[in-house]
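Only one structure is covered here, and it is reproduced in the block below.
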2 protein chains.
Amino acid sequence: MTLLRVTSKALPEHNRRHNRALLLQTLLHDGAMSRADLARESGLTRVTVSDLVNELSSEGLIDELGPREGAHVGKPAQLIGLNVNAYHVVSLDLSGDERFVGALVAIDGTVVHRLDAPVHGATGDDALSTALGLARDLVKRSTVRVLGIGIGTPGVVDGEGIVISAPNLDWAGIDLPQTFGAEFDLPVHVGNDANAAALALHSYHDAGPDFMVIEIEHGAGAGLIIGNALVTGGAFTAGEIGHLVVDPDGEPCVCGRRGCLEQVVAVPHLRERLRRAGAQRRASVLADAGRALGYAVAPVVAALGLEAVVLCGPADLVEGPFLDSAAATVRSLTLAGTGEGLTMSAAGDDHDLVLRGSAVFVLSAELGVS
Amino acid sequence: MTLLRVTSKALPEHNRRHNRALLLQTLLHDGAMSRADLARESGLTRVTVSDLVNELSSEGLIDELGPREGAHVGKPAQLIGLNVNAYHVVSLDLSGDERFVGALVAIDGTVVHRLDAPVHGATGDDALSTALGLARDLVKRSTVRVLGIGIGTPGVVDGEGIVISAPNLDWAGIDLPQTFGAEFDLPVHVGNDANAAALALHSYHDAGPDFMVIEIEHGAGAGLIIGNALVTGGAFTAGEIGHLVVDPDGEPCVCGRRGCLEQVVAVPHLRERLRRAGAQRRASVLADAGRALGYAVAPVVAALGLEAVVLCGPADLVEGPFLDSAAATVRSLTLAGTGEGLTMSAAGDDHDLVLRGSAVFVLSAELGVS
DNA sequence: CATGGTTTGTTAGTCAAGCTTACGAACGCG
DNA sequence: CGCGTTCGTAAGCTTGACTAACAAACCATG
């Protein structure tokens, strides 16, 4: 049952775009195959597929790879493969405290070339020029056509890509698409860093159609994919769980309240508490933090019927007692039927998730692949 | 930014269906207007609109209402109105403990004719035949074409409309579409009762594109609309928050744990606790229950960036201290930026919500209107 | 080794559904 | 009373999917 309200008109050319995207998508996720295979996979006719393949081929997005290996009856199939280097995306990850990271990313999410630039604490226009410089260097470096610029930034980002607020960078109302668009004649797509990570997991790690990723770094944020779609929330604040209060009697937070999730699980606070506790009580401190996270996550898991939650953050903190305790807590708080199918896992400290997810912003908007 | 993975082919006829639905949708929500108005609203050309209008008119779905009142320059516009009685939906609400309620529902959600049948505690095949009988009577009563049968039932319902489990009715793996389809030559669409309520609020009460409705009756369940779409969850368990533990030291629950949300807020338990506490401590008991609900809801509000939460249940319980305390708790636990835009409200004891939402199951699937 | 069955990809033609262009009908206004 | 404006429709175009039919290339088989 698909219950989605119709809100805009449909034209034949939208149709074509959709089917083009469907073929690219199929080639990306299922690998090279023949036109006839594509027809069977997609439900389109061989004729239509041939036509679309010609179009995509003339744009260089796909390649003819020659006949299929192995013995089969009938005329040998000619394999068609996605040319993952037809375009590269200039991706920026602005979530780091110390450095902004940028990369050229291929269509399959491969990081082709990586650069970074120090920021340590720079904010406002300084941070903006650092990001611009990074993009400039990457565009210069690129050996193939650039499809666009994808930016994953901390903070709240609206539907147009304007950063409504990013306290760490002291940004408010920063129009990144305009700023970058003025210098580069390329489409620019911007999103929240945790949302980027969620998209990367969705597109490149088969995380499933419904899951939540929780980023534990300097702060704590979440990204949600529901029904194969990113959840942004009406005011674009979905995933902003850092200042959810998990312990009303906890330590004071910069936001003025006490016991925010960020106070309990964010890396700086957690490391400080571990230091104070000493090696002996390390596991217990981590388990306590995991339990607090579990209390915050359980209602979301139950309400959305989530089957997967992924934790991202420093492996030495996130994996082990922290994850185990969080998972056990969620299971113990949710109904057997709901919590049983739950897989909680750690994606380690994979900073490339944000980079590759930022590329998905662009790939999804420009080519329809994700 | 629309980030939704492409998963199936698009054909020209889907296009047509989509645009038909768009016109119906526009007429439903914005009222009668001329073909030219429809063209402006929808973005389609006047020619295309005229063609679609002819098609819809010949099916009796819309009516020509004559010229528009008032003086305007140019040729007078001929108003076109949705014929909300072109079809009726046979809707069943199986969520009651005492009685199943059924109704003939018009396209605009108006309840045209209502029937009910006692069940008090009947389960299994008995409950099923009661529901079938109700549908039979309603089909007999209908004076206009019946578009289909929509059923809102407690429990977990899969994508095909099969009731995977509904403990109250002692149902497991009950294929309602098949059972009803065998007797009635009509499309049958089945969903969870809380989801039906959510759809009714979405379609007929402008509840917005993202919100959660919490049904507090014999149990406690939630329905979620995210991005104008109903959230079902991978295992169709979204909204099953009744056995979320909100108080690990609370009273034992039938599920074997302690302090489930249902133990705290469900009507029978809440009434019993009020009885024991006496009139004097009534407000305090209600506030306590509201607070517990708030603790469960806050993480969901933060994670999804929700701007609206609606409580449904007996007005004497839900409105007042319960709602106030729940709202205050959610606000106090979520970040200012997130919680500030939050509207928590009570829809009272509007049992028709489930009936009308069950009609939306059918209207949405068959006509594309919601 | 010729023949037949199978699979692939293409060619030719059809159909559906949107679009643009153009026009008659009906109004208010000067 | 003519003029500009708006509405709805008619005619023809374009896009993009479809079906039907076919040539090419392979395997199997007598």
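Throughout, protein chains are lettered first and strands after them, A, B, ... in sequence-line order, and every chain is numbered starting at 1. A quick note: this is a predicted structure, and the numbers were derived from the prediction, not measured.
- Remark: Arg16(A) is in phosphate contact with dA17(D), judged by side-chain N or O atoms under 4.0 Å from OP1 or OP2.
- Counting any heavy atom pair closer than 4.0 Å across all strands shown, Val47(A) reaches a base atom.
- Both Glu13(A) and Lys75(A) lie close to DNA chain D; mapped to their nearest nucleotides by heavy-atom distance, the more 5′-ward contact belongs to Glu13(A).
- Checked by atom type, the side-chain pair Asn54(B)/Ser57(B) shows no donor-acceptor distance below 3.5 Å.
- Checking dC18(D), dA17(D), dG8(D) against the side-chain heavy atoms of Ser34(B) singles out dG8(D) as nearest.
- On a pure distance criterion of 3.5 Å, a polar donor-acceptor pair joins the side chain of Arg46(B) and the base of dG8(D).
- Atom CG in Asp51(A) sits roughly 15 Å away from atom C1' in dG13(C) (whole-Å rounding).
- Leu44(B) CG to Leu52(B) CG: the interatomic distance, rounded to the nearest 0.5 Å, is 7.0 Å.
- The phosphate of dG18(C) (OP1 or OP2) has no side-chain N or O of Thr48(B) nearer than 4.0 angstrom.
- For His14(B) and dT15(D), the NE2 to P distance is 22 Å, given to the nearest whole Å.
- Of the side-chain N and O atoms in Arg68(B), none sit less than 4.0 angstrom from OP1 or OP2 of dA26(C).
- Distances shown here put every side-chain N or O of Asn15(A) at or beyond 4.0 Å from the OP1 or OP2 atom of dT15(D).
- Atom pair Asn54(B):CG and dG18(C):P shows a separation of 13 Å (rounding to whole Å applied).
- One finds no side-chain N or O of Ser50(B) lying less than 4.0 angstrom from the OP1 or OP2 phosphate oxygen of dG8(D).
- Listed pair Arg20(B) / dA17(C) fails the phosphate criterion, with no side-chain N or O lying under 4.0 Å from OP1 or OP2.
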